[in-house]
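Report on the structure given below.
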Number of protein chains: 2
Amino acid sequence: MRARPAPRKGRPTLANVAEEAGVSRATAARALGDYGYVQEETRASVLAAAERLGYSPNSIARSMVTGRTNTIGFVSADMENPFFARTMAGITDVARAAGYEVVIANSQEKPDLERRAVRTLHERQVDGMIVAPTQYADGSHLRRLVERSIPVVLLDRSVRGVAADAVLIDNVKAARTAVEYLIGLGHERIGLLTNDLEGPPLERLAETALDPTHASTGASRGVGYLAALREAGLKVSPQLIRSASYTRESATAATKQLLRLRSRPTAVLAVDNVLTLGAFEAIQASGLDFPREISLLGFDDLEWTTIVRPTLSVVAQPAYDIGATAARRLLARLQGEDSPAQVLFLDTTLVERESTVSHGGRLDGFRRRSGTVASR
Amino acid sequence: MRARPAPRKGRPTLANVAEEAGVSRATAARALGDYGYVQEETRASVLAAAERLGYSPNSIARSMVTGRTNTIGFVSADMENPFFARTMAGITDVARAAGYEVVIANSQEKPDLERRAVRTLHERQVDGMIVAPTQYADGSHLRRLVERSIPVVLLDRSVRGVAADAVLIDNVKAARTAVEYLIGLGHERIGLLTNDLEGPPLERLAETALDPTHASTGASRGVGYLAALREAGLKVSPQLIRSASYTRESATAATKQLLRLRSRPTAVLAVDNVLTLGAFEAIQASGLDFPREISLLGFDDLEWTTIVRPTLSVVAQPAYDIGATAARRLLARLQGEDSPAQVLFLDTTLVERESTVSHGGRLDGFRRRSGTVASR
DNA sequence: TTGAAAGCGCTAACAT
DNA sequence: ATGTTAGCGCTTTCAA
């Protein structure tokens with residue numbers, strides 16, 4: 001007796017195909033899976049039977065026995081943020097090319113949602129995970145994965161105590177270069193619009209400076225800001241540093257406060273694209289002569305930066321590449337690479353447009369290291 | 001003898017937990033799954049054992065037996081398009097609240113990628129699927145799902161011959177209302193920037209008009225455009241209708257052609273957010289007095305519409321709601337609802353800003369049906 | 001209240 | 001070249 005009869009209901013299974021073709025399940029599997037030895041005409045009849053039945057394989061069952069799902073998970077901090085959307089494109093392209101599917105979960109910048117997403121993906125048996133973590137401080141859930149030797153790659157941000165590959169930009173350097181550029185334009189009172197800073201900004205940044213490679217992006221960019229000012233011998237004014245949450249409204253409000261200062265800044269650096277949008281809006285609403293009286297340097301080179309007026313100068317992050325690189329790291333781990341965790345830093349580019357102009361009679365722009373300064 | 005010993009390697013399984021707690025697998029499953037009868041102290045000891053071992057359930061194995069994955073698939077046409085990103089947020093929020101996870105695949109507007117995505121998700125045994133289809137003409141892959149009684153909900157676009165729930169906006173009406181609004185402002189030469197029109201625009205639109213509820217969004221919006229012109233007794237000029245592909249560059253080029261016409265339009269309607277971006281750019285570059293000499297009405301109320309100058313009037317689609325509604329439809333089907341396929345139309349809103357002004361001495365704005373006309 | 005046992009659909013030895 | 005068989009980790013009758 002061969003193959004189980006299997007009650008014909010629900011979707012057809014391999015057993016049904018085997019029966020239909022009059023062969024054993026193993027043979028059917030070989031023909032369908034294109035491995036092992038199958039006689040040409042047997043293969044053909046199996047394929048025909050599969051076709052007739054409208055068979056499609058059950059990859060869940062396959063995963064049960066192989067122990068692999070050919071799926072990687074991506075926990076995005078915010079799917080609606082164009083930076084992460086682009087990042088996701090890089091991940092899915094690379095993964096798909098390698099025969100992996102990507103399951104996407106969204107943490108909405110909330111640590112508890114992130115934990116839940118990580119747990120779910122783990123239960124779903126993803127082969128590995130790329131995570132854009134929401135917080136630096138607590139990575140116990142990620143550490144657990146690493147201990148279980150489930151490959152994890154951190155994206156955009158790192159996490160304390162998690163020995164996993166990470167693909168980042170050098171936030172300190174990116175912000176430092178940005179501020180140096182503004183200083184080079186003659187600005188001396190430079191406002192900083194950042195996030196993630198609970199408590200008094202300066203103190204938080206001072207702490208952060210002690211361990212600059214491991215900190216939130218907002219804090220690290222703040223450290224870069226401070227470094228540039230100090231290096232240039234400029235005074236650091238606490239009131240020029242503002243922290244906002246991840247909403248446009250709060251960024252707008254924070255910028256308005258900045259512009260209302262008695263000695264208001266002549267330039268502002270906003271360290272992510274949401275903050276940048278809010279800052280732009282606030283400056284427009286202020287009635288100041290933009291950019292003559294106030295320069296703005298944003299983060300992330302989004303579509304709208306060239307249709308606003310003035311066009312927006314930005315620190316451009318290689319979002320697609322960050323995603324693609326993270327995916328490549330993960331795939332390497334999945335293929336068994338067993339080197340110590342690597343932290344990769346991708347270069348940012350300063351894109352000079354109209355929103356940053358020289359202050360105090362200086363005319364010339366200024367170019368500086370850290371990637372390229374491009375004009376578009 | 002009870003439970004299998006199971007070689008202690010890899011992640012701990014239910015059998016390991018059972019062994020550790022000194023109970024059978026069935027009991028351990030009951031305790032962990034919180035069903036059936038388990039004595040309180042037994043439960044506690046199982047939970048403790050699970051905790052000790054760091055057990056986490058294998059939902060793949062569970063799916064094998066239950067036949068359900070508690071997962072729905074979403075095939076997005078373009079994850080980087082803010083419209084679909086927002087849509088996705090609506091889907092995931094609703095799904096998660098109901099205990100479902102969402103697996104996202106991207107078709108990049110390419111039919112073959114869509115087929116592949118649908119096939120993969122099917123093989124992955126998603127319980128149901130939401131699809132933003134790339135083409136109206138060929139829905140055989142979707143029909144196959146429906147035949148297998150795997151619930152499918154179409155989003156944003158419908159597909160010929162696929163009897164599935166669909167959540168759409170009334171594209172004809174949205175465009176008609178938009179054009180009526182422009183006509184009300186005194187415009188008579190109104191350009192249309194659309195997509196999806198292979199071949200001579202007017203003829204394609206004429207065909208489309210025969211079956212307006214079933215067509216691509218671009219074509220349907222074109223039909224609405226025509227309807228408004230005809231209704232107002234205005235001449236339809238083929239050269240005012242331009243079709244562009246899904247890129248900003250092609251939209252810019254198409255708009256430039258429009259503006260170079262001897263009798264150039266005094267207003268332009270762009271029917272999606274990418275086209276809108278390109279159109280905005282082209283108008284800016286044209287040197288025309290915008291909006292005095294040329295009005296622009298876009299689609300999708302994105303973040304940047306309020307920081308460009310002039311601020312952009314748009315037809316706003318309820319993207320989040322579209323996603324949420326589609327997810328609710330799917331969940332209903334998953335819960336066994338068995339009514340005939342429903343097509344739901346959500347209302348758009350005309351958001352009046354600065355980029356649309358009256359032409360030919362008329363001063364007042366004009367308000368019209370189809371959802372609301374809002375000023376923001 | 002708990003345990004034994006039978007699979008879910010598939011792959012992978014191991015036979016033949 | 002093809003078939004038999006033993007599971008993958010879990011849920012779920014059915015007995016006890």
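For clarity, every value in this text was computed on a predicted model and none was experimentally measured. Note on naming: letters A, B, ... go to the chains in the order of the sequence lines (proteins, then strands), and numbering restarts at 1 for each one.
Remark: the Thr69(B) side chain and the Asp127(B) side chain contain an N/O donor-acceptor pair separated by less than 3.5 Å. Defined by atom type and a distance below 3.5 Å, a donor-acceptor pair is missing between the side-chain atoms of Arg116(B) and His141(B). Residues Arg11(A) and Ser56(A) have side chains that bring a donor and an acceptor to within less than 3.5 angstrom of each other.
Rounding to whole angstrom units, CD1 of residue Ile60(A) and P of dT11(D) are separated by 13 Å. The interatomic distance linking Tyr37(A) (OH) with dT16(C) (C1') rounds to 16 Å, in whole Å. Distance CG (Leu14(A)) to P (dA12(C)): 12 Å, rounded to an integer number of Å. In this structure, CD of Gln39(B) is placed 11 Å from P of dG3(C), rounded to the nearest angstrom. The nearest whole Å value for the distance from the CD atom in Glu19(B) to the P atom in dG9(D) is 14 Å. What separates CG of Leu53(A) from P of dG9(C) is a distance of 13 Å, to the nearest Å. When the C1' atom of dC10(D) is taken as reference, atom CG of Asn16(B) falls 13 Å away, rounded to whole Å. Across the protein-nucleic acid pair, Leu32(A) atom CG and dT2(D) atom C1' stand 15 Å apart, rounded to whole Å.
When the nucleotides dT2(D), dT11(D), dT11(C) are ranked by their closest atom to the side chain of Arg30(A), dT2(D) comes out on top. You'll find that the side chain of Ser24(B) is closest to dG3(C), out of dT1(C), dT2(D), dG3(C). Out of dG7(C), dC8(D), dC10(C), the shortest distance to the side chain of Met64(A) is found at dC8(D). Checking dT2(C), dT11(C), dG7(C) against every side-chain atom of Arg25(B), the shortest atom distance belongs to dG7(C). The side chain of Ala61(A) approaches dG9(C) more closely than any other nucleotide in the set dG9(C), dT11(D), dG3(D).
Nearest heavy-atom pair, Pro151(B) versus Arg333(B), reported as atom, atom and distance to 0.1 Å: CB-CB, 3.7 Å. Scanning both residues, Val102(B) and Ala95(B), for their nearest heavy atoms gives CG2-CB, 3.6 Å.
Between Thr27(A) and dT2(D) there is no side-chain N or O to OP1 or OP2 distance below 4.0 Å. Residue Tyr55(B) has a polar side-chain atom (N or O) positioned under 4.0 Å from OP1 or OP2 of dC10(D).
When each of Thr66(A) and Arg43(B) is assigned the nucleotide of DNA chain C bearing its nearest heavy atom, the one mapping closer to the 5' terminus is Arg43(B).
Nucleic acid contact class of Thr42(B) (heavy atoms, under 4.0 Å, all strands): sugar-phosphate only.
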